[in-house]
Amino acid sequence: SMPAEEMAMNLLNRLSTLETQRMTWEHHWQEVADYIVPRKADITKKRSPGDKRQELIFDGTAIHSAELLSASLHGMLTNASTPWFSLRYRDTETDEMDAAKEWLESATDVMYQAFQRSNFQEQVHELYHDLITFGTGVMFVESDEDNQVRFGTRHISECYVSEDDQGRVDTVYRKFKMPARAAAMRFGEDVLSQRMTKMLVEDPYSEVTIIHVVRPREERDVTKEDTLNKPYLSCYIDPEEKTVLSESGYDEFPYMVPRYLKASFELGYGRSPAMTALPDVKMLNKMSETTIRAAQKQVDPPLMVPDDGFMLPIRTVPGGLNFYRSGTRDRLEPLNIGANNPLGLSMEEQRRTAIRSAFFVDQLIMGEGPQMTATEVIQRTEEKMRLLGPVLGRLQAELLQPLINRVFNILVRQQAFPPAPDNLKELDLDIEYVSPLAKAQRSGDVQSVMRLFELIGPMGQLDPGVFDYMDTDGMVKYLIKVLGVPASVVRGEDEVYQVRTERAQQQAQQQQMAEMAQMAEAAGNAAPALNAVDDLQQQAAAQEQAAEMEVAE
């Protein structure tokens, strides 16, 4: 492979192109952050950690709406308290074998435990928040010694991305800072550049800039298993001295970079509900500022003061005494500005409504209406799902699928799963989404099946032939699948076959026994007649014998 200096130069040259491509987005992100995510408002503005960032905000509607939508996405897609994915085999025959299914479920359990043990919940929530504000979220997934997996949602300001020919992000440059002492702990003192080594001695707490590059490896030896020949290159660089701090690799792309909405011609970064709402948000903040000023003037009005005859200063404190020349009409009067507060407030309320609808607030929160029936609740939920359907599709492809895949593979390498049945070693797995959102999208299917049942029943009384259309086996299989029923409570295809074979055998045996009993019974009924015939035969034989003896005599 190429020498380290050349590699560092190469990678840094590519970064400058990515930096140029990202510049326009940065101003957009900064504005979104200023008004909607002030805690992340340091993209083009360089701010010191811990400073107050709310100086532009006079109204919190957008901030709360964004938090509500991100919490809703979290609850609907990756809810910690309910299952949100399951695995199945691509090959249907395998998928119907019970042993195979139960192994998969035990593997799924191991995965859920890993997710639960890790910092996934807090990091994925941060990711949803980035998605709906900046339009692009970046999450890093790595193996962890203590908790199996570790997740890190990165601030968009640190990340520069590029897409492959399929439009999926496959390259992430991350530019970040860490204390010099942390860099020494991370990379080892021997590889630090001279500048860093000097800092380590003189000022170990000061921060150094580091660039981490992850992208597909262009040339690798596929026969080798080592980190330098893995499909994705991972390289840490000191950009100031242009040296490589460490080089290794990943088996899968370790970043998930979902975009909320994406125009086909805009490469890399996505757009968001916050961007849609931004004009309204800025307008609302301007209006609120003006309304507050108007209200202040009404509560503490400017004073009209005659140009002479007053002892200055004028005291506006409670109980203040102001002297005027007696015998004159000169008085202090408030200036009535004739502010129309209701107008200002109703205009603001229109903006608030527009902002809330950009973030789907009305649809996501059930209104305080009269008690709804269960059916209405289902319909409302389905409506939510329809609204978020397109986004959901993109999130499954760009976030959940690669995420589950990456975690699965990390756990395989850690040998965290129980040993698989022999015939399962090389099979392809598919991911099924069973989150509340995915379930609600499928609940319509269940209802249509149940509806069919309701309608066919009465028809069957007129003509039993209609039941020939019902494939009850197919129906049961379908319901098990759509409802996401765990394999441990239902039988697999092979088990059902076994149960049915045994039942058929038992029935055959019972039938055989019944036939034998019948024969025996028939024989029993015939017994008296047979006995009579027997007697007759014996009598005849006796007579014959007697006759013979007579002849002989």
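Heavy atoms only: backbone and side chains are in, while hydrogens, waters and symmetry mates are out. Here the structure is a predicted model, which is why all the values come from computation and not from measurement.
- Between F85 and Y112, the distance from one ring center to the other falls under 6.0 angstrom.
- The aromatic ring centres of W84 and F115 sit less than 6.0 Å apart.
- Rounded to the nearest 0.5 angstrom, H74 NE2 and E122 CD are separated by 10.0 Å.
- Side-chain contact between F140 and V172: absent, with no pair of heavy atoms (C-beta onward) separated by less than 4.5 Å.
- The aromatic rings of H28 and W25 lie parallel to each other, with less than 30° between the two planes, well short of the 60° mark.
- Considering only heavy atoms from C-beta on, I210 stays 4.5 Å or farther from I237 through its side chain.
- Residue E126 forms a side-chain hydrogen bond (donor to acceptor under 3.5 Å, both in side chains) with just one option from H155, K40, Q121, and that option is K40.
- Counting non-hydrogen atoms of neighbouring residues, nucleotides and ligands closer than 6.0 angstrom, the CZ atom of R181 reaches no more than 12 such neighbours.
- Side-chain atoms of T136 and D130, non-hydrogen and from C-beta on, never get closer than 4.5 Å to each other.
- Between W29 and Y269, the gap from one ring centroid to the other is short of 6.0 Å.
- When side chains are defined from C-beta on, L68 does not count as touching F359, because their heavy atoms never get closer than 4.5 Å.
- A 4.5 Å side-chain heavy-atom check between M111 and V407 finds at least one atom pair inside the cut-off.
- Between the CD atom of E158 and the CD1 atom of I211 there is a distance of 11.5 Å, given to the nearest 0.5 Å.
- Atom NZ of K297 is surrounded by 12 or fewer heavy atoms from other residues, nucleotides or ligands within 6.0 Å.
- Ring orientation note: the planes of F187 and Y236 are tilted relative to one another, at an angle of 30° to 60°.
- Here the closest heavy-atom approach between residue P273 and residue L69 is recorded as CG-CD2, 4.0 Å.
- Remark: M185 CE is loosely packed, at most 12 non-hydrogen atoms of other residues, nucleotides or ligands lying under 6.0 Å away.
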Practice item. With side-chain hydrogen bond (donor to acceptor under 3.5 Å, both in side chains) as the test, would you mind laying out the steps for N10 and E6 before giving the verdict? Key: CA-CA 6 Å; N10 243 339; E6 192 188 332; 4.6 Å; no
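- Side chains of S234 and E247: a donor-acceptor N/O pair is absent below 3.5 angstrom, by distance only.
- In this structure, E266 does not pair ionically with K262, as no charged nitrogen and carboxylate oxygen lie closer than 4.0 Å.
- Side chains of Q148 and I410 form no contact here, defined as non-hydrogen atoms less than 4.5 Å apart.
- Residues Q113 and D109 bring no donor and acceptor atom of their side chains to less than 3.5 Å of each other.
- No side-chain heavy atom of M275 sits less than 4.5 Å from a side-chain heavy atom of L278.
- Side-chain atoms of P258 and L131, non-hydrogen and from C-beta on, do get closer than 4.5 Å to each other.
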Practice item. Would you check, one step at a time, whether the test side-chain hydrogen bond (donor to acceptor under 3.5 Å, both in side chains) holds for N147 with S118? Key: CA-CA 6 Å; N147 297 326; S118 71; over 6 Å; no
